[in-house]
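Accompanying notes for the structure given below.
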Amino acid sequence: MATTNPTTRSARSASSNSRPAGAKTAKPAIAPGKPARGTDKDAPLKEDIRLLGRLLGEVVREQEGDDVFEVVETIRQTAVRFRRESDAKAGAELDKLLKKLTRDQTNSVVRAFSYFSHLANIAEDQHHNRRRRAHLLAGSEAQPGSVAYALSRLDDAGVSGAQVRSFLKEALVSPVLTAHPTEVQRKSILDAEREIARLVAERDLPLPPRELRHNTELLRARIATLWQTRMLRYTKLTVADEIENALSYYRITFLRELPALYDDIEAEIDSQFPSRAKARVAELPPYLQMGSWIGGDRDGNPNVNAATMQHALKRQSTTIFDYYLDEVHTLGAELSISTLMVDASPELLALADTSPDHSEHRADEPYRRALIGIYARLAATARSLGVVNILRQEIGSASPYANPADCVAELDVLVTSLQAHHGAALVKPRLAGLKRAVEIFGFHLATLDMRQSSDVHERVLADLFAKAQVEADYAALSEERKIALLLGELSRPRLLYSPYVQYADETDSELTILRAAREIRRRYGERAIRNYIISHTETLSDLLEVLLLQKETGLLHIEGNQLQALELMVIPLFETIPDLRCAAEIMRGWLTQPQVKGLIAKHGKLQEVMLGYSDSNKDGGFLTSNWELYKAENQLVELFNEAGVKLRLFHGRGGTVGRGGGPSYQAILAQPPGTVNGQIRLTEQGEIIASKFSNPEIGRRNLELLVAATLEASLMPTNTDSKEARKLAEFERVMEELSERAYQAYRNLVYETPGFTDYFFAATPIAEIAQLNIGSRPASRKASQRIEDLRAIPWGFSWGQCRLLLPGWYGFGSAVSGWLGEAGNAKETSRRLATLRAMCKEWPFFAALLSNMDMVLSKTDLAVASRYAGLVADRKLRNTIFGRITDEHERTSAVLSTITGSKERLAANPLLARSIKNRFAYLDPLNHLQVELIKRHRATAAAKRTPEERVQRGIHLTINGVAAGLRNTG
């Protein structure tokens, strides 16, 4: 927000509004897209941040007046001095300044610093794109994380092009968008920020002075729009709102970037393996597909039902048909090819003859007539699926497509004809992408997963069994008797359900949802819904229950007493530490059931298993969660190999490191050997969706990272000699011991320390977060203040707000220091330390774990966290628990530095280190203000007075700003 003029690339932008008419424009010091030789590579980033900060400052002055601007600027300068110089006097001055603010000034200051965090994020995203383009211009396409890099590595390792193509025929890589409530931004804010990002990117072009001034004026206008737009939601999000929010990312990124990425990967394969260049991968099935939980995830969300599921598919279908119809219409304008100039294939001419367009003006334009026919059929298909308000009326009537493959076949007629008649160049710009899009998205856009908790299934079946007079108290049966009863019912063709019996509301709702899933599959295709995930899977009966519920609703087909086909794959979700430890044994029981084996065989001998990162972390802490996940994966791989079944793992990762977050590329490469194998699904949650996919270029890069990592993790040969096996066994033995120590330290603090729950609810803004309108589901599964009942999402989000991020590191310091301390002598201590350093250097799993922890620790701030601890009224409790957290933080930081050899955090990622350091000066005031506002709010509540709306709004604004500044807190 400073008014200081930039001195680098924005010599032009800084002066563009004050330059006299006719004055010469300063020549930019940095060439578009790359830094000038000998200059700071990050200079364009600094310039963009200065420019956006200056424009924000101008808007604040204009909108709020000089007094508010001066207050904001004074706080900014003081915070920067305090952060950069560790000036205690500046700290006291900052505290005094913040406490003196009036209520109105407080909200203006909070908004100013919050928006600066948002604008800094935009500048950083643009800089990432700029640096990537600079690498490409320098001929460095094969950067780690790119498909070119992965293919080059595979080629060097002796993997052939034929192997790569064969692999992709069977692969599935699927990012799954979820509506978990950590995205605190309103869609209106995101839309305005996307326009600002576009304008910032435009400044990298060599703009003449007039266009540059216009760009600056538009930037100021968009920032003014931000300032005048309500940052917070005043009403609770509905599931329908969440669906619309997610669909916006398809329009921005996925619809165009995903098909284009396929083309790029195809070209890279041909380039890397030229001997097989003619064997194009165009006919490969779509191996990168989108998934969604939004509208189908019922676990803990009473707002999701059959109607929301149907609404989700209708809106998804509307989105994709809008895209198809617009593209076909545009193609009709572009493909004006006349048979008076060039021939067309008989198939194309025949397709044109079926068109409802019989205009003499287009008699010699078969491509246009064919596209008019395709448009009419797509419009008819859309209407048959409930799409309304088709913008452009079709010419004449046509029959709808039976399935997406029929549409692809007609588009392929155009492609083949163009390629055979000197029109190959006309295929690539739009037609190829459209055809690929239909292959990827079908008529459903994304696969909608269903999820429900196992205890709900148990209650529903208990109701059905009791009303059918089969078993009076199913829930009270032992596990063995449950299994026997379920298998017996699965072998009988008759149903438990009767339309003449009255059931519990929950039973009716769950059965209606499953019947809706059957109808959705019939209408939109089998890929529309194909997975049923069981939360809290603890026993084999939890899986068999869902099989029986599918039988009751026509999704499991039976002939005689034999199960014939299963429409929805039954997928267990193992979440807690005990569940992860039982996962392999439960799956052994599942895979060995004769009836189940037959169903799995009909699914292509493929079975998916979902692993939960969030609850396992809340249950056992960062280190133990990661280790138990690793062990469970290894055990599952061994079991599935024995059974001859392909394993697909679904990783339920969150945004923050404590919930499995961190760089996806490194996370996939760090998976145990054999666990990826061309099959991987992973959740994308909360604010991470906006961070990864609100910018098309960054979105495409993140999608490419998933494919590249899957290729490397699946196809790179692994060293299996006995020396490496012994080394890995030693590493795993050490991890087992460290995990046990970390588990004890974490559990002792969180679940065994008297008063810890009281401390957490007082020293974090968890109560205030629960009041935010940031999701359609409650913060807790039950109406209680037990840590066990709290959802992992607000648990991690709260620790991020108070700048401790405890779920991402607590317990590691005690584990390592305790293990080293028990060595017995200096020689053994030295040997153990050498082992840890070797693990960091040679074991991707451990290296990724430390890298993520390093990032989390770089974002923690004990000084700021101590202010939140001050919210705990009980001084003894406050000092005891915060003292333990502080001691563990010091231990963890120390042992991490000892293992990595670097005292500085993020030494291997200086760009991120600088980014965090620079933005903390702007985050500090938000945290200090949040504490002050929480004090006022809670004092009002304690006095039983009516809460002040401006104070509540101020708290929620600080939550928004801190989340934006930290970027991955949910």
*Reference residue Glu697; test side-chain hydrogen bond (donor to acceptor under 3.5 Å, both in side chains); the match among Arg132, Arg133, Arg130*: Arg133
_Heavy-atom pair of closest approach, residues Ile600 and Trp590_ = CD1-NE1, 3.9 Å
*Mind checking whether Leu313 and His444 have side chains closer than 4.5 Å, heavy atoms only?*
yes
*Between the main-chain N or O of Gly678 and the side-chain N or O of Thr710, is there a donor-acceptor pair closer than 3.5 Å?*
no
*Check against side chain to side chain contact (heavy atoms under 4.5 Å, CB included), Asp854 and Asn909*: CA-CA 10 Å; Asp854 187 26; Asn909 193 341; over 6 Å; no
*Which atom pair, heavy atoms only, marks the closest approach of Ile294 to Leu448?*
O-CD1, 3.5 Å
*asked:* Between Glu732 and Tyr630, is there a side-chain donor-acceptor contact under 3.5 Å, judged purely by atom types and distance?
replied: yes
_Between CG on residue Leu669 and CD on residue Gln671, distance to nearest 0.5 Å_ = 9.0 Å
*Considering only heavy atoms from C-beta outward, does the side chain of Leu706 approach that of Leu682 to under 4.5 Å?*
yes
*Do the side chain of Gln550 and the main chain of Leu568 share a donor and acceptor less than 3.5 angstrom apart?*
yes
*Say you draw a straight line from CD1 of Ile689 to OG1 of Thr253; how long is it, rounded to the nearest 0.5 Å?*
11.5 Å
_Can you tell me how far apart CD1 (Ile571) and OH (Tyr532) are? Round to the nearest 0.5 Å._
11.5 Å
*asked:* Counting only heavy atoms from other residues, nucleotides and ligands, does the tally under 6.0 Å from CD of Glu526 exceed 12?
replied: no
*Are any of the side-chain heavy atoms of Ile252 and Pro696 separated by less than 4.5 Å?*
yes
_Pair Glu730 + Arg733, salt bridge at N-O below 4.0 Å_ = yes
*Over all heavy atoms of both residues, which pair between Thr537 and Asp579 is shortest? Give the atoms and the distance, please.*
O-CG, 3.7 Å
*Might you work through the side chain to side chain contact (heavy atoms under 4.5 Å, CB included) test for Lys692 and Leu705, ending with a clear yes or no?*
CA-CA 11 Å; Lys692 286 186 174 182; Leu705 286 171; over 6 Å; no
*Within a reach of under 6.0 Å around CD of Glu170, are more than 12 heavy atoms found that belong to other residues, nucleotides or ligands?*
no
*Compare all side-chain heavy atoms of Leu703 with those of Val707 and state whether any distance is below 4.5 angstrom.*
no
_Residue pair Gln163 / Ser160: nearest heavy atoms and the distance that separates them_ = OE1-N, 2.8 Å
*When you measure from the side chain of Tyr665 to the backbone N and O of Pro144, does any donor-acceptor pair fall under 3.5 Å?*
no
_Can a donor-acceptor pair be found, under 3.5 Å and without considering hydrogens, that links the side chain of Ser166 to the backbone of Ala162?_
no
*Anything under 30° is parallel, anything over 60° is perpendicular, the rest tilted; go ahead and classify Phe650 against Trp293.*
perpendicular
*asked:* As an exercise, state the distance from CD of Gln272 to CG of Asp156, rounded to the nearest 0.5 Å.
replied: 7.5 Å
*With a 4.5 Å limit on heavy-atom distance, are the side chains of Pro175 and Leu288 in contact?*
yes
*asked:* Could you go through Phe693 and Tyr249, starting from their C-alpha distance and side-chain angles, then the distance that decides it, and tell me whether this counts as ring-ring contact (aromatic ring centres under 6.0 Å, His included)?
replied: CA-CA 6 Å; Phe693 302 116; Tyr249 295 102; 7.5 Å; no
_Flag side-chain contact, heavy atom, 4.5 Å: Thr416 against Ser345_ = no
*Residue pair Arg251 / Thr319, side-chain heavy-atom distance below 4.5 Å*: yes
*CE on Met587 to CZ on Phe574, rounded to 0.5 Å*: 6.0 Å
*Could you check Thr683 against Met610 for side chain to side chain contact (heavy atoms under 4.5 Å, CB included), going step by step and ending with a plain yes or no?*
CA-CA 10 Å; Thr683 53; Met610 186 173 183; 4.2 Å; yes
*Sidechain N-carboxylate O distance under 4.0 Å for Arg530, Glu608*: no
*Is the shortest side-chain N to carboxylate O distance from Lys727 to Asp721 below 4.0 Å?*
no
_Counting only heavy atoms from other residues, nucleotides and ligands, does the tally under 6.0 Å from NZ of Lys602 exceed 12?_
yes
*Any donor-acceptor N/O pair, Asp412 side chain to Val408 backbone, under 3.5 Å*: no
_Gly291 backbone acceptor or donor facing Thr447 side chain under 3.5 Å_ = no
_The criterion is salt bridge (Lys or Arg N to Asp or Glu O under 4.0 Å); which residues satisfy it with Arg521, sequence neighbours excluded?_
Glu567
*Between Trp843 and Trp627, how do the two ring planes meet: parallel, tilted or perpendicular, split at 30° and 60°?*
perpendicular
*Sub-3.5 Å donor-acceptor pair from the side chain of Asn403 to the main-chain atoms of Asp406, do we have one?*
yes
*Looking only at non-hydrogen atoms, find the nearest pair between Arg653 and Ser664 and report the distance.*
NH1-OG, 3.3 Å
*Is the backbone N or O of Gln316 less than 3.5 Å from a side-chain atom of Tyr250, with the two atoms forming a donor-acceptor pair by type?*
no
_Measuring only between side-chain heavy atoms, which start at C-beta, is Tyr287 closer than 4.5 Å to Phe167?_
no
*asked:* Under the side chain to side chain contact (heavy atoms under 4.5 Å, CB included) test against Val570, which residue among Asp542, Leu547, Ile533, Leu556 passes?
replied: Leu547
*Yes or no on side chain to side chain contact (heavy atoms under 4.5 Å, CB included) for Phe846 and Val734, after CA distance, side-chain angles and deciding distance?*
CA-CA 11 Å; Phe846 195 65; Val734 171; over 6 Å; no
*asked:* For the NE2 atom of His128 and the CG atom of Asn695, what is their distance to the nearest 0.5 Å?
replied: 11.0 Å
*Could you tell me whether the side chain of Glu704 and the main chain of Val147 form a donor-acceptor pair under 3.5 Å?*
yes
*Please check if the side chain of Tyr262 supplies one atom and the backbone of Ala437 the other of a donor-acceptor pair under 3.5 Å.*
no
*Strictly by modelled atom types, are Lys631 and Ser739 linked by a side-chain donor-acceptor pair under 3.5 Å?*
no
*If you measure only the distance, is there a donor-acceptor pair under 3.5 Å linking the side chains of Gln143 and Ser146?*
no
*Minimum heavy-atom distance Leu154-Leu715, with the two atoms named*: CD2-CB, 3.5 Å
